[in-house]
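So the structure is just underneath, and the comments pick up after that.
Within every chain, numbering begins at 1; the chains are lettered A, B, ... in the order of the sequence lines, protein sequences first and strands thereafter.
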Amino acid sequence: MLPKELLTDFLAVAFYLLVGVIFAVVPLIISPLIVRRSAGMRREETYESGMETIGSAWIQFTVAYYIYALIFLAFDVDVLYLFPVALAYGKYAIRDFLEVVIFVGILSLAIVYAWCKGVFEWERKR
Amino acid sequence: MLAWTAGILILIVKLGVVLVLVLLLAAYLVWVERKFLARLQIRYGPNRAGKFGLLQPIADIIKMLTKEDTIPDGAERLIFLLAPAVVAMTALLMFAVIPLGPDLTLWGMKVPLVIADLNIGLLFVFALSSLGVYGVALGGWASNSKYSLLGGIRGAAQMISYELPLGLSLVPIVMLARSFSIVDIVQAQERYPFVLVQPVAFVIFVISAMAESKRIPFDLPEAENELGAGFHTEYSGMRFGLFFLGEYVNMLVLGGIVAVLFLGGWRGPLLPPFVWLLIKIMLVALFMIWTRGTLPRLRYDQLMALGWKVLIPLALINIMVTGAVVLW
């Protein structure tokens with residue numbers, strides 16, 4: 001069960017979200033009512049610097065991008081653990097410090113590993 | 001019952017004030033940016049609509065409202081239509097936890113000048129700034145245009161990479177303030193703003209925040225001379241307007257977050273608290289505009305190297321140093 005105060009706070013956020021959605025949607029509803037629609041050749045074609053569009057855009061792309069996503073996944077979850085630690089920090093003095101150092105040390109190994117693996121270099125296409 | 005009605009009324013008034021203020025500020029931030037940037041480049045900027053071009057934002061809104069809104073062939077319709085709303089909403093929603101001033105007392109009732117003083121305020125901000133990635137990545141992908149796809153992927157990779165230093169740089173702040181609630185964090189800066197004790201975290205945060213908001217020198221997702229307009233190439237009319245609005249609201253939000261976390265929020269001598277907050281937000285925004293007028297765009301590998309090889313290790317070291325100093 002949530003405390004009452006927290007519940008009202010989240011209700012306020014929900015209400016804000018609702019009002020914000022209305023703010024965002026109303027112009028989208030008004031706009032089609034007042035615009036003049038034009039009809040022309042190839043109006044709906046995707047932009048390709050004025051050339052005729054060739055094929056679909058949904059293609060395979062370079063591997064370099066998703067490796068970042070993978071390290072992010074491995075890293076971000078761990079970063080989240082640092083927050084509760086930071087909140088409770090200082091209760092057990094030196095023990096807290098050592099634990100943070102060990103945790104951050106292990107965390108940095110992930111970066112060091114990726115660094116040595118050359119993940120952060122952009123490989124040229126040969 | 002009476003307390004409930006009063007509470008709801010107060011909430012509605014607060015929502016109205018915040019929304020109108022944010023949207024108005026965002027609209028005029030566009031004007032400020034164009035004017036300031038023009039001056040940096042030795043030209044005039046908008047000066048036809050109204051005195052000093054002051055009516056320019058209104059003219060822009062009318063123009064975007066009356067422009068046709070096209071959906072490209074072969075686009076994923078639903079996602080294409082929703083993506084701009086995601087960007088605008090996540091930016092707008094972050095304002096819910098930013099305190100605009102100290103608690104007011106009205107007719108014996110305590111009215112906090114914040115929409116919701118969540119006890120997880122900081123995490124709420126992170127969650128929303130992560131959600132913003134979806135708008136960019138999905139909007140770019142759903143357009144079925146090559147430029148948009150590349151912009152979207154770049155945007156996603158960049159935003160998740162800079163999410164990490166952004167989060168890590170705030171761990172020391174939580175250590176100092178002992179709370180996630182933004183109101184408490186402002187409270188903790190009663191004696192001195194955190195920028196004085198956490199200059200490294202401040203620099204890391206501002207750089208990552210600029211990367212998160214995809215502004216020059218980190219504007220690779222919409223690099224106009226290689227990608228058209230990047231992830232929003234295919235958007236037109238009011239939907240483009242929402243992306244645009246989202247970008248400027250985002251700038252304000254980041255200014256607001258820097259102000260409350262590092263610059264002491266609404267605290268300041270002489271002037272009323274709210275004015276101080278506004279000044280601090282505008283200073284951060286002006287700094288971002290100034291950078292845009294000064295720096296060239298980074299190359300993609302430089303961007304990633306800066307994030308992963310400089311900012312993240314620096315943030316990790318900063319956490320350990322702060323940990324040692326706090327115990328001292």
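- B/M89 touches chain A through its side chain: at least one heavy atom from C-beta onward sits under 4.5 Å away, while N, CA, C and O do not.
- For the residue pair B/I79 and B/A142, the shortest heavy atom distance occurs at CG2-CB, 3.8 Å.
- Highest contact tally toward chain A, considering only B/I319, B/V97, B/I71, is held by B/I71 [criterion: heavy-atom pairs under 4.5 Å].
- Looking only at heavy-atom pairs under 4.5 Å with chain A, the residue among B/I120, B/D117, B/V18, B/L176 that has the most is B/D117.
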Side-chain donor-acceptor pairs of residues 10-26 of chain A under 3.5 Å, sequence neighbours excluded:
residue	atom	partner	partner atom	Å
A/Y16	OH	B/L92	O	2.7

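- The closest side-chain donor-acceptor pair between B/S236 and B/E68, if any, does not fall under 3.5 angstrom.
- Taking non-hydrogen atoms and a 4.5 Å limit, the residue list of residues 148-155 of chain B in contact with chain A, ordered by number, reads B/L149, B/I153, B/R154.
- Looking only at distances, a side-chain donor or acceptor of B/R178 sits under 3.5 Å from a matching main-chain atom of A/Y89.
- The nearest pair of heavy atoms linking B/L227 to B/P221 is CD1-O, 4.0 Å.
- The aromatic rings of B/F243 and B/Y235 sit perpendicular, their planes meeting at an angle over 60°, well past the 30° parallel limit.
- Looking at B/S179, its side chain does come within 3.5 Å of a backbone N or O of B/S181 through a donor-acceptor pair.
- Heavy-atom pairs under 4.5 Å with chain A peak, among B/I160, B/L168, B/L15, B/L23, at B/I160.
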Compile the donor-acceptor pairs under 3.5 Å between side chains in residues 303-318 of chain B and protein atoms, sequence neighbours left out, one pair per line.
residue	atom	partner	partner atom	Å
B/W308	NE1	B/S161	OG	3.1
B/K309	NZ	A/E121	OE2	3.1
B/N318	ND2	B/Q198	OE1	3.2

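- Sorted by first and then second residue, the ring-ring contact (aromatic ring centres under 6.0 Å, His included) pairs with a member in residues 152-173 of chain B read B/Y162-B/F218; sequence neighbours excluded.
- Between chain A and the residues B/D301, B/L118, B/L122, B/T70, the largest count of heavy-atom pairs under 4.5 Å involves B/L118.
- Chain A forms more heavy-atom pairs under 4.5 Å with one residue of B/I115, B/L11, B/N144, B/N119 than with any other, namely B/N144.
- Nearest heavy-atom pair across B/L166 and B/S129 is CD2-OG, 4.3 Å.
- Proximity to chain A is absent for every atom of B/A88, based on heavy atoms less than 4.5 angstrom apart.
- Although no hydrogens or angles enter the test, the distance criterion places a donor-acceptor pair under 3.5 Å between the side chain of B/T90 and the main chain of B/V87.
- Taking each heavy atom of B/Y147 and B/T233 in turn, the nearest pair found is CB-OG1, 3.8 Å.
- In this structure, chain A has heavy atoms under 4.5 Å from both the backbone and the side chain of B/A96.
- For the set A/V100, A/V101, A/L33, A/L73, the count of heavy-atom pairs under 4.5 angstrom toward chain B peaks at A/V101.
- Ranked by heavy-atom pairs under 4.5 Å with chain A, the first of B/M175, B/Q158, B/K67 is B/M175.
- In this structure, the portion of B/V326 lying under 4.5 Å from any heavy atom of chain A is its side chain and not its backbone.
- Using a 4.5 Å cut-off between heavy atoms, B/Y300 contacts chain A through its side chain alone, with no backbone atom that close.
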